[in-house]
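Below: the structure, in structure tokens.
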Amino acid sequence: MWNELIKYPFYVTLHPFKGFWDVKYEGKGKPQIALSILLLLTIVITLKRQLTGFIVNFSNPNELNSLNELIFIILPFFLFCIANWAITTLMDGEGKFIEIITVTAYALLPMVIIYAATTIISNFITFEEAPLFFLLETTAMVWFCGLLFVGIMTVHQYSVSKTIATFIITAIVMGVILFLGLLFFSLLQQLITFVETIYKEIIYRL
């Protein structure tokens, strides 16, 4: 059974409408596998930035930080899932939060496969062959976006137009959540600084 469930994300990448329908209504999507795909993408992108051939690698090796890579992949993923769940709850969406996580992660699989391949290929290509590298990278992103669109549309049982509207509003909500989060941490930092100042003042007077 688990062998079939592990193979199923590959089926979804080629048959998204039937695949995501079965994820929602036939129980063929598993959060454990979804999170494993997310973890794989994090590892692949981290290795990609470090091991991609110099012809197409614009990253500075001295500035690479694996923790930052983790944050810039994991954070947007869950930020999207939370924002989409919050919006679709108000827009009569049928998708549960765990289903949104599952279909979003399953949509990432083409990026995992293609990025892993391009990382290897990049070390053997010439400057003239670089456009092929960027074509594959673009294909991975477009494929991901297409799968994500179909997945969200299927899991919420939306029309195309309503799904588009949902994505636009989700992006806005993500921005708002990010702004409020940064504002909260800024205020928290100022509060901690204020408390430390008061504490030092009290200690000094004693």
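Below, all heavy atoms of this structure are taken into account, side chains as well, without hydrogens, waters or symmetry copies.
In this structure, CD1 on Ile87 lies 8.5 Å from OG1 on Thr166, to the nearest 0.5 angstrom. Atom OG1 of Thr104 and atom CG of Leu38 lie 10.0 Å apart (nearest 0.5 Å). Rounding to the nearest 0.5 angstrom, the gap separating the CG atom in Leu40 from the CD1 atom in Ile33 is 11.5 Å.
The environment of CZ in Phe17 is sparse: at most 12 heavy-atom neighbours from other residues, nucleotides or ligands sit within 6.0 Å.
Trp143 places a side-chain N or O within donor-acceptor distance of the main-chain N or O of Thr13, the cut-off being under 3.5 Å. Between the Thr118 side chain and the Tyr115 main chain, a donor and an acceptor come within less than 3.5 Å of each other. Thr197 places a side-chain N or O within 3.5 Å of a backbone atom of Thr193 that can act as its donor or acceptor partner.
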Give the table of side-chain donor-acceptor pairs shorter than 3.5 Å for residues 152-162, with sequence neighbours excluded, one pair per line with atom names and distance.
{"unit_1": "Thr154", "atom_1": "OG1", "unit_2": "Val150", "atom_2": "O", "d": "2.7"}
{"unit_1": "His156", "atom_1": "ND1", "unit_2": "Gly95", "atom_2": "N", "d": "3.1"}
{"unit_1": "His156", "atom_1": "NE2", "unit_2": "Asn84", "atom_2": "OD1", "d": "3.0"}
{"unit_1": "Gln157", "atom_1": "NE2", "unit_2": "Thr154", "atom_2": "O", "d": "2.8"}
{"unit_1": "Tyr158", "atom_1": "OH", "unit_2": "Met91", "atom_2": "O", "d": "2.9"}
{"unit_1": "Tyr158", "atom_1": "OH", "unit_2": "Gly93", "atom_2": "N", "d": "3.2"}
{"unit_1": "Ser159", "atom_1": "OG", "unit_2": "Ser161", "atom_2": "OG", "d": "3.3"}
{"unit_1": "Ser159", "atom_1": "OG", "unit_2": "Lys162", "atom_2": "N", "d": "3.3"}
{"unit_1": "Lys162", "atom_1": "NZ", "unit_2": "Met91", "atom_2": "O", "d": "3.0"}

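Other residues sharing a hydrophobic cluster with Leu51 under the 4.5 Å side-chain heavy-atom criterion for ILVMFWY residues are Leu39, Ile43, Leu47. Cluster partners of Trp21, using a side-chain heavy-atom cutoff of under 4.5 Å among ILVMFWY residues and allowing indirect links, are Tyr25.
Shown are Thr138, Ile121, Thr119, Thr52; of these, the side-chain contact (heavy atoms from CB on, under 4.5 Å) with Phe133 is made only by Thr52.
Of all non-hydrogen atoms in Phe10 and Ile113, the two that sit nearest each other are CE2-CD1, 3.7 Å. Contact detail for Ser122 and Val56: the closest heavy-atom pair is CB-CG2, 3.7 Å.
Cluster annotation: Phe184 and Ile177 are assigned to distinct hydrophobic clusters (Ile/Leu/Val/Met/Phe/Trp/Tyr, side-chain heavy-atom contacts under 4.5 Å, transitive). Linking ILVMFWY residues whenever their side-chain heavy atoms come closer than 4.5 Å, directly or via other members, leaves Ile120 and Phe54 in distinct clusters. Using a 4.5 Å cut-off between side-chain heavy atoms of Ile, Leu, Val, Met, Phe, Trp and Tyr, with links allowed through other members, Ile169 and Phe78 fall into the same hydrophobic cluster. Under a hydrophobic clustering in which Ile, Leu, Val, Met, Phe, Trp and Tyr are joined whenever their side-chain heavy atoms come within less than 4.5 Å, directly or via other members, Leu35 and Phe72 fall into different clusters.
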Phe167 vs Leu148, side-chain contact (heavy atoms from CB on, under 4.5 Å): CA-CA, chis, key distance, verdict
CA-CA 10 Å; Phe167 271 97; Leu148 181 62; 3.8 Å; yes
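For the 3.5 Å distance criterion, the side chains of Asp22 and Tyr8 qualify, holding a donor opposite an acceptor.
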